[in-house]
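This report concerns only the one structure given below.
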Amino acid sequence: MPSLLLHQYDTSPFSEKVRKLLALKRVPWGAVTQPTIMPKPDLLPLTGGYRRIPVLQIGADVYCDTQLIVRTLERLHPTPTMYPGGSEGTCHAWNLWADRLLFLPVVAVVFAEIGATVPPEFIEDRTKMMPGRNFADIPKQAPHAREQIRALTAILETALSDGRPFLLGRDLSLADAACWNPLWFLRIAPGSPALLEPLPRLRGWMSRMDALGDGERSEVTPADALAIARESRPAAAAAMDPAEPNGLTPGMRVAVTPDDYGFDPVAGELVFSSVHEIAIRRQDAAVGEVVVHFPRYGFRVTRA
């Protein structure tokens, strides 16, 4: 059984980002297939309510959001690095650029073109993740979104214009996996070839990314993943950050909530915090004691 378990589904674009980095790292990993919509009875016992995909499980430690998942993969498996040439800051800037600027226009275009085939249960589920908005309205943004995709993909074409194989040079990096994620999803839209046709460098890069595959993947059942958590103990906590800006201390009851969508708080006992990570301990009847880890950017921490 691989020690890295990725709770995901195959059509998830953010899971695809992590799959490409697992292929880079060449480490065995287990794919734990979760539902695309709620309910998720085999995921929530691990996360305490966080429902977004993917989630990385290592024994009884659970890592939420790709921001933190990629940092965890790099910490545990630093070679080959996803930050070639000391590019950590550049890579995470590209990652946020792709997640916050490129991905949302892609969603609008994809669902404008395939919306008629999407089950209403999916639309209802995603609407519940966006209080005050209706997911069914997103395709209406497609005309503007196509303009945004055209401009943003032109930036990627320029980055590749000197013939380099990957965005930062000769080596694959987090920047590639992050930008691949939305463009991989865009290909679902029947009209995507027309958007990408004027960009030969980018299309060549996409072919190279496609060829990487999923790495050393095996399938793990959700029941087995829960059993692994139940039979494991969380790893020893790292030292608390003395520069924590809001006076958080170990043992404090806190809740962690995404700040963009899917506002499902996860409450527990603070284990440690750092500039990039916060971890809370919680108990669940199905898995016992687990520690759930979140990134700091994109999440709010409040006292519970």
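This one's a predicted model, so the numbers in the text were calculated from it and none came from an experiment.
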[X]/[Y] ion pair, N-O < 4.0 Å:
X: R100; Y: D260; result: yes
X: E269; Y: R281; result: yes
X: E74; Y: K25; result: yes
X: D137; Y: K140; result: yes
X: R71; Y: E88; result: yes

Would you kindly say whether [X] and [Y] are connected by a side-chain donor-acceptor distance under 3.5 Å?
X: S12; Y: S15; result: yes
X: E244; Y: N246; result: no
X: W180; Y: E16; result: yes
X: K20; Y: N181; result: no
X: D210; Y: S207; result: no
X: Q8; Y: R19; result: yes
X: H276; Y: Y297; result: no

How close do [X] and [Y] get, counting heavy atoms only, and between which atoms?
X: A237; Y: V271; result: CB-CG1, 3.1 Å
X: L152; Y: L101; result: CD1-O, 3.6 Å
X: L226; Y: P45; result: CD2-CB, 4.4 Å
X: I37; Y: R51; result: CA-NH2, 4.3 Å

Are Y63 and F294 an aromatic pair, judged by ring center distance below 6.0 Å? no
Please examine the side chains of H7 and P54, heavy atoms only from C-beta on, and report whether any two atoms are closer than 4.5 Å.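 With C-beta onward as the side chain, the pair stays apart.
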Got P13 and F103 here, is their nearest side-chain heavy-atom distance under 4.5 Å?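 Yes; the side chains approach each other to less than 4.5 Å.
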Derivation of the side-chain contact (heavy atoms from CB on, under 4.5 Å) call for L56 and T72: CA-CA 9 Å; L56 179 68; T72 302; 4.3 Å; yes
Give the intermediate values and the outcome of salt bridge (Lys or Arg N to Asp or Glu O under 4.0 Å) for residues D171 and R164. CA-CA 9 Å; D171 297 317; R164 63 183 62 189; over 6 Å; no
Please state whether the rings of F135 and F111 are parallel, tilted or perpendicular, taking 30° and 60° as the class boundaries. perpendicular
